[in-house]
Amino acid sequence: MTVSVVQFGGSNCDRDAVRALDRIGVDAERVWHEDGLPADTEGVVLPGGFSYGDYLRAGAMAAHSPIMNEVREAAEAGIPVLGVCNGAQIGSESRLTPGAFTTNASARFQCEHVHLRVENADTPWTAAYEAGEVVSLPIAHGEGRFEIEDERYEALVDDDRVLFRYCDADGDVTDAANPNGSTGNVAGVLGESKNVAVLMPHPERASLEELGGVDGQGVLEGFA
Amino acid sequence: MTAYTATVTVRLKRGVLDPEAETTQKTLERLGFELADLRSADQFEVDLDADDAEAAAERADEMAQRLLANPTLHDYDVVVEEQGA
């Protein structure tokens, strides 16, 4: 499998994503957005960063880059697509996934380790975990607060499309453990089908034992 | 064709938390101002040529739907004025 890691102007986690995928034996390459997806693309990462300087809203500009039409077609064809951080914002802005990621409740950029509870382990992105398992991943975002209309949130929960919720070390989903004010402490969701997922925390930054643990590897194994 | 300016105002829907507005309000209060509430909005002024004001408004409305606003977060309104009028 070759995973295309899409670089937009201002992406900055693309190399990390390629390195983290290489480490688990998944072939990955960076693809400049203007060049389009290579024909042999069997997976897509929308990496973190600050595409287009977060102009208008984080992810809003990249969401309308022509390559996103190809990403949408790939997603509809069943190819795995993962959006991380700015990639999650791009995913929601392009309506690949529901809801929106907007300004943190603190109104500040937050860079810290958080605990996440695995809500649905029956997806390619979470199959490496147990439902209810607590993992530790870093976040680094100013616009990570998940917002969604009440009725859509209920549908999301009913359809088991919440992947991770922010929680404390014991796995309790509390307001105190919610770093950004996200609705329902939601940190990551599925698109319309299980092959599409976005999350604000960075799995690729938790993929080396020497650098704070490997809890994120399981998410990347969605491409394995 | 006539030259118009379409002013698109994009606001957070009522009930959606606005941390920047809250911070701004707190700072105004620290400066001694009394206020009940404060909301922020983004405003875009789009110059465009169109057959009539209705066509100009329609195009600006589509711009708001497709990019300027995010329907999950925002309401918006469009006001069109003929340039130089």
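So that the names make sense, note that chain A is the first sequence line, chain B the second, and so on, each numbered from 1.
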Above 12 or not: heavy atoms from other molecules or residues under 6.0 Å from CG of Asp158(A)?
yes
Using a 6.0 Å cut-off, check whether atom CD of Glu192(A) has over 12 heavy atoms from anything other than its own residue.
no
Does Tyr55(A) have more than 12 heavy atoms from other residues, nucleotides or ligands lying within 6.0 Å of its OH?
no
Does any backbone or side-chain atom of Arg108(A) lie under 4.5 Å from a heavy atom of chain B? Answer side chain, backbone, both or neither.
neither
So if I take each residue of residues 61-81 of chain B and look for any heavy atom under 4.5 Å from a heavy atom in chain A, which residues do I end up with?
Gln65(B), Arg66(B), Leu67(B), Leu68(B), Ala69(B), Asn70(B), Pro71(B), Thr72(B), Leu73(B), His74(B)
Around atom CG of Asp47(B), are there more than 12 heavy atoms from other residues, nucleotides or ligands closer than 6.0 Å?
yes
Does Glu112(A) CD have over 12 foreign heavy atoms under 6.0 Å away?
yes
Just checking heavy atoms, which of residues 17-24 of chain B are less than 4.5 Å from chain A?
Leu17(B), Pro19(B), Glu20(B), Thr23(B)
If you tally heavy-atom pairs under 4.5 Å between each of Glu147(A), Glu93(A), Glu149(A) and chain B, the highest tally belongs to Glu149(A)
